[in-house]
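This is a predicted model, so every value here is computed, not measured.
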Amino acid sequence: MSQHRRRASAQQVRRKRAVIATAFAGTVALGVGVGVWASADGGGGGKPAGSAVRAPSERASGAASSRAATPSSPTPSRSYPLSQAPRTIPAVRSHTPARGPGWRPQRGERVVVSDPELADEGRLIAGELGLAYAGEKDDVRAGDLRLALGSGGGDPESYTMTVRGGRVDISGPGDAGVFYGTRTLKQEVHGAGTAPEGVVRDEPAKPARGFMLDIARKPYTASWIEDRIRELGDLKFNELGLHFSDDQGFRIESSSHPEIVSKDHLTKAQVKQIVDLAAARHITVVPEIDSPGHLGAVIAAHPDLQLRNVNGVATRGAIDISKAASAKIVDDLLNEYAGLFTGNQWHLGGDEYQALTVANPQASYPQLAAAAQQKFGSGATVADLATGWLNDRAATVRAHDRTMRAWNDGFFRTTSVQPAKDLQVAYWTGKEIGARQPVEYLSAGRKVLNYNDEFLYYVLGQPQTFVYPTGQRIYEQWNPRVLRGTTAVPASYDGQILGGSFAVWSDFPNAQTEAQVAAGIRMPLRATVQKLWDPGAPALSWAQFRQLADRLG
């Protein structure tokens with residue numbers, strides 16, 4: 001089973017429960033009407049009666065997907081027409097319609113669970129829909145919402161939701177899937193007032209559905225990040241990347257090296273609250289301390305570690321990887337933050353090391369060439385030394401039982417030293433020196449994450465050739481196999497593409513306020529998760545999808 005789909009650790013579960021218990025208490029205090037919405041049209045929306053959405057088991061790789069068999073369409077009864085598929089973001093993969101009134105939350109109705117492990121999910125949805133959380137109960141009452149863990153196997157992010165007889169049952173192999181079922185129900189009630197009668201069977205196409213935020217160059221408040229976590233959770237994202245170290249700043253409190261921390265930073269207590277809230281929404285926080293480039297904030301406090309060329313000229317942001325002290329300070333930080341970020345994912349960076357952007361790195365940086373030859377033999381190059389650096393940092397993080405990724409331009413074609421086999425490729429660009437096509441990584445057996453900078457990069461200030469991405473372009477032209485440019489890799493590689501991430505980079509931090517960033521990424525986030533949940537052609541047009549997003553909030 002992919003490590004992206006592991007159930008949260010016991011420590012994360014305890015933290016998650018504490019966070020949701022607090023949120024639930026606050027919501028209930030506002031009254032049972034919180035979270036219960038009426039719809040102007042009162043309908044469920046969706047496809048015409050009797051149609052079917054593609055089923056997970058019949059999913060095909062990439063943009064093309066097979067069609068689920070259309071269920072029979074019995075003549076509507078005198079009482080109720082055949083239900084329509086729910087309208088949600090992302091869209092559910094399969095809905096079997098039925099005749100009945102559907103389900104609408106009412107005062108005094110209960111949320112019950114089959115397992116204490118689902119208490120967090122139960123309390124959260126009860127507070128959101130204004131219901132009473134009743135805990136573990138075996139009796140059945142009218143209006144009940146019951147959450148249950150299934151006994152069988154399967155994708156722990158999958159779920160089944162049955163609306164029948166005035167009740168709702170949501171079940172799944174793992175608590176993540178049950179949580180996603182509650183997100184579907186919340187959207188159904190919010191968008192249409194009533195959850196439609198019938199059975200939803202749903203699961204994601206990709207196990208990694210991420211949003212990455214550069215807080216190094218632009219500090220974001222903890223409350224803004226927490227608001228994004230709530231938004232991401234409702235959209236069924238499961239990763240939040242935090243790039244918190246760069247040339248412009250180091251933005252999280254450090255006990256091992258307090259001298260490198262920028263004045264405007266998050267405290268460890270704030271980060272712990274962010275991590276706990278994310279765990280409560282089944283989101284893994286993926287930290288990134290980029291090295292050996294992008295370390296200007298660290299170097300500012302340790303100028304003796306800055307890389308200098310043969311003429312003594314400093315190289316911006318680059319640490320001298322021939323010095324043992326350089327490895328020590330980065331390893332100190334990796335070990336320290338492994339205790340703060342408790343998820344199973346880690347980003348090592350590895351991109352844009354400026355020593356490798358010159359015509360002859362060996363001549364320009366003789367100290368690096370000498371260190372490479374001393375460590376790896378007479379024919380070793382500076383690129384070998386940089387690969388060895390990445391492998392050494394991977395060994396540090398691997399000791400904390402993390403799955404690691406690095407940017408694609410941290411992997412080099414002609415090195416005798418090869419990157420560790422368990423390093424995943426975060427593919428973002430094909431514009432670097434010696435650029436390699438995505439298929440080169442895939443054909444070598446690497447697992448790849450899609451950060452395609454032509455679709456998924458929201459770069460503040462729009463420097464160079466970057467423009468703010470639109471949700472429409474992502475929705476209509478991108479899917480997880482479009483790793484570079486606009487061309488998809490062959491469908492045979494689909495299984496190696498774990499998913500992708502929309503990213504906000506803060507090159508010009510004052511170009512937009514926090515509120516402008518939140519507004520600017522709203523539709524791109526929704527388009528991205530739709531294509532990660534189901535990479536096939538969406539059933540709705542872009543105009544319909546945008547209207548749905550407005551209705552759901």
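The ring of Trp505 has its center no closer than 6.0 angstrom to the ring center of Tyr458. Aromatic rings of Trp407 and Tyr427 (six-membered ring for Trp) have centroids beyond the 6.0 Å cut-off, not under it.
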Requested in this report: Report the C-alpha separation of Ile125 and Glu128 in whole Å, then their side-chain angles, then the decisive distance to 0.1 Å, and conclude whether the side-chain contact (heavy atoms from CB on, under 4.5 Å) test is met.
Outcome: CA-CA 5 Å; Ile125 190 65; Glu128 290 170 329; 3.5 Å; yes
Query raised in the report: Under the side-chain contact (heavy atoms from CB on, under 4.5 Å) criterion, do Tyr468 and Gln462 qualify, and how do the steps go?
Result: CA-CA 7 Å; Tyr468 293 130; Gln462 304 183 107; 3.4 Å; yes
**Report entry** Steps toward side chain to side chain donor-acceptor pair (under 3.5 Å) verdict (Arg201, Thr160)
**Finding:** CA-CA 5 Å; Arg201 293 180 178 88; Thr160 299; 4.6 Å; no
**Report entry** Candidate pair Glu231 and Arg526, rule salt bridge (charged side-chain N to carboxylate O under 4.0 Å, His left out), full reasoning
**Finding:** CA-CA 10 Å; Glu231 179 181 15; Arg526 283 153 177 77; 2.8 Å; yes
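Without hydrogens or angle criteria, Arg167 side chain to Asp144 main chain gives no donor-acceptor distance under 3.5 Å. Under a 3.5 Å cut-off, the side chain of Glu288 and the backbone N or O of Phe244 do not form any donor-acceptor pair. Remark: side-chain polar atoms of Asp351 are not paired, donor with acceptor, to backbone N or O of Asn408 under 3.5 angstrom. The closest donor-acceptor contact from the side chain of Glu239 to the backbone of Ala208 lies at 3.5 Å or more, if one exists at all. A donor-acceptor pair under 3.5 Å links the side-chain atoms of Gln516 to the main chain of Thr513, judged by distance alone. Under a 3.5 Å cut-off, the side chain of Glu109 and the backbone N or O of Gln106 do form a donor-acceptor pair. Proximity of a side-chain donor or acceptor of Asp115 to a complementary backbone N or O of Ala148 within less than 3.5 Å is not detected.
Taking the side chain as every heavy atom from C-beta outward, Tyr475 and Pro538 approach each other to under 4.5 Å. Considering only heavy atoms from C-beta on, Ile474 stays 4.5 Å or farther from Gln530 through its side chain.
Within the structure, salt bridge (charged side-chain N to carboxylate O under 4.0 Å, His left out) pairs that include any residue of residues 500-512 comprise Arg217-Asp507 (at least two apart or interchain).
The closest side-chain donor-acceptor pair between Glu157 and Tyr180 falls under 3.5 angstrom.
Geometrically, Lys236 engages Trp533 in a cation-pi contact, judged by NZ or CZ lying under 6.0 Å from the ring centre and within 45° of the ring axis. For Arg436 and Tyr441, the positive end sits near the middle of the six-membered ring, less than 6.0 Å away and at most 45° from its axis. A cation-pi arrangement is absent between Arg281 and Phe179 under the rule of less than 6.0 angstrom and at most 45 degrees off the ring axis.
Distance check, rounded to the nearest 0.5 Å: CZ of Phe211 to CZ of Phe502 gives 7.5 Å. Here Thr182 contributes atom OG1 and Leu185 contributes atom CG; the two are 7.5 Å apart, rounded to the nearest 0.5 Å. Taking CZ of Arg230 as the start and CG of Leu124 as the end, the distance is 10.0 Å to the nearest 0.5 Å.
Ring-plane geometry between His347 and Tyr451 is classed as perpendicular, the angle between the planes exceeding 60 degrees on a 0 to 90 degree scale with a lower cut at 30.
Closest approach of Leu149 and Asp175 over heavy atoms only: CD2-N, 3.7 Å.
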